[in-house]
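Following: one structure in structure tokens, then a few remarks.
Sequence positions, counted from 1, serve as the residue numbers for this chain. Values in this document were obtained by computation on a predicted structure and should not be read as measured data.
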Amino acid sequence: MTPMRPAPDFTAMLSDRARHMNASAIREILKVTQQPDVISFAGGLPAPELFPLEEVRRAADTALTKYGPAALQYSTTEGHPPLREWIGQRAGIPAANVQIVTGSQQALDLLGKILISEGDTVLVEAPTYLGALQSFQPYGPSYVQMPTDDGGIDVDALEDILKTTPAKLLYAVPNFQNPTGRTLNAERRRRLVELTAQYGVLVIEDDPYGQLRFSGEAAPSLYELGLEYAGDVNANYVIYCSSFSKTLVPGLRDAWVQAAAPIISKLVQAKQGADLHTPTLNQMIVAELLDEVLPRQIETVKKAYGERAAVMLGHIEKEFPGGVEYTRPEGGMFLWVTLPDTIDSTRMLQRALTRNVAYVPGSPFFALGGGQNTLRLSYSSATPQQIGRGIAALGETIREALD
């Protein structure tokens, strides 16, 4: 009989890049919240009952009829031409400066791959989107955190950083930021664009929520301001990423990047190595929905999220004890809670789960640590009744932690 051999140490065979990878804290929490009796404010999931199911079904049939076997065939890496042309027209740029990607998460991963060398300084908000940190981390960046407040990034602090730090890249979510729900105000946007161009720093503007404004006044995108400042699409330091996941449906995984031609060219090469192209039929389906269904869907989603945000804020005012601070988003899917310093939101999560309510602790959203007394709440996929019960349970949990 063959003697038993010791199990191979596959971990030792992993690349240095793989060793830098981390599991998503949100995805790990979502595994716990799949039980039907748990009210989850953890995942930033679009509300499934709002999906335009019948319209998508008809669009799929239209695409298959219009394009025949081509709808099921391999396609170009750059993306479905009508979709790219529509995006380019809306942005006032050539379709050649638009790259379709498989979800905005792929955009972040591929941009990290082509832009970040090990040791490059990357500026991020404190806190920032966890998925961006997860995408960039394998490429070995050196993070510098930019202070934020209710107006978004503190641009005075940014200027001080740029004077002393040879930064290569700045990553920001200017509209209804994930995780805080805050919006970078118009005055700071213009100054951020001017400062980064002056110091030769690329900006990745991640904007999946910008169309989901339910109150307040919209501000121009960083990309628009960068285009205005540069005067040339191929001299713009701002790279713009957005998605149809939050405005239409997430499962089709259609998103895009707008950037200068040299960046798009290298992005095409990186995408060829990743998946060749975004699924052909999915792009065609989205293209069929752009003119009529998408505008209606945006209005439907904005109305629902605005109502749910108001319900959550109302219950927070009533149920949370004194000393708890929270943001008041004007759009998007999230709000941010800051607890008294004595409370660790990660430890408190276990207590919350005993009351069948879940959230995301705030510390994973800080690139350099911190934020142990913060947490993120999403109101997008919970009903008003669930919000009421869940916030009441969370209020009890916070009071217990304080005691």
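- Between the Asn234 side chain and the Ala261 main chain, a donor and an acceptor come within less than 3.5 Å of each other.
- A donor-acceptor contact shorter than 3.5 Å links the side chain of Arg84 to the backbone of Ala95.
- For Arg213 and Asn175, the side-chain atoms include no donor-acceptor pair closer than 3.5 Å.
- The aromatic ring centres of Phe334 and Tyr209 sit less than 6.0 Å apart.
- Look at Glu224 and Arg189 and you find no salt bridge, because none of the NZ, NE, NH1 or NH2 atoms lies under 4.0 Å from a carboxylate O.
- Note: His315 NE2 to Tyr379 OH = 15.5 Å, rounded to the nearest 0.5 Å.
- Relative ring orientation between Trp336 and Phe366 is described as tilted, the plane-to-plane angle lying within the 30° to 60° band.
- Applying the 6.0 Å contact sphere to NZ of Lys266 captures no more than 12 heavy atoms from other residues, nucleotides or ligands.
- Here the straight-line distance linking atom CZ of Arg376 with atom OG of Ser345 works out to 12.0 Å at 0.5 Å rounding.
- Side-chain contact annotation: Asp150 with Asn185, donor-acceptor N/O pair under 3.5 Å absent.
- One N or O on the side chain of Glu205 and one on the backbone of Tyr223 form a donor-acceptor pair closer than 3.5 Å.
- Arg296 has no carboxylate O lying under 4.0 Å from a charged side-chain N of Glu299, or vice versa, which leaves the two without a salt bridge.
- Looking at Phe365 and Thr180, their side chains never come closer than 4.5 Å, going by heavy atoms from C-beta outward.
- Other residues, nucleotides and ligands contribute only 12 or fewer heavy atoms inside 6.0 Å of the CD atom of Glu292.
- Between Glu125 and Arg188 there is no salt bridge, since none of the side-chain N atoms of the basic residue sits less than 4.0 Å from a carboxylate O of the acidic one.
- Within the 4.5 Å cutoff, the side chain of Leu377 has heavy atoms near those of the Leu394 side chain.
- A salt bridge links Glu307 to Lys303: at least one charged side-chain nitrogen sits closer than 4.0 Å to a carboxylate oxygen.
- If you take CZ on Phe244 and CD1 on Ile285, they are separated by 13.0 Å, rounding to the nearest 0.5 Å.
- Between Lys271 and Asp275 a salt bridge is recorded (basic side-chain N to carboxylate O distance below 4.0 Å).
- The pair Glu159-Arg191 meets the salt-bridge criterion, since a charged nitrogen lies less than 4.0 angstrom from a carboxylate oxygen.
- In this structure, a donor-acceptor pair under 3.5 Å is present between the side chains of Ser135 and Gln105.
- Put simply, the side chain of Tyr240 does not reach to within 4.5 Å of the side chain of Leu222, judged on heavy atoms.
- Under the 3.5 Å distance criterion, the side-chain polar atoms of Ser380 are left unmatched by any main-chain donor or acceptor of Ala47.
- With a 4.5 Å cut-off on side-chain heavy atoms, Ile398 and Met348 count as touching.
- A side-chain donor from one of Thr278 and Thr102 sits under 3.5 Å from a side-chain acceptor of the other.
- Side-chain atoms of Tyr229 and Gln198 form no donor-acceptor pair, as typed in the model, at a separation below 3.5 Å.
- Atom OH of residue Tyr359 and atom OG of residue Ser378 lie 15.5 Å apart, to the nearest 0.5 angstrom.
- Checked against the 6.0 Å centroid threshold, His80 and Tyr67 count as a close aromatic pair.
- No side-chain heavy atom of Val98 sits under 4.5 Å from any side-chain heavy atom of Leu83.
- Ion pair Arg355/Glu396 flagged as a salt bridge, since at least one NZ, NE, NH1 or NH2 atom sits closer than 4.0 Å to an Asp/Glu carboxylate oxygen.
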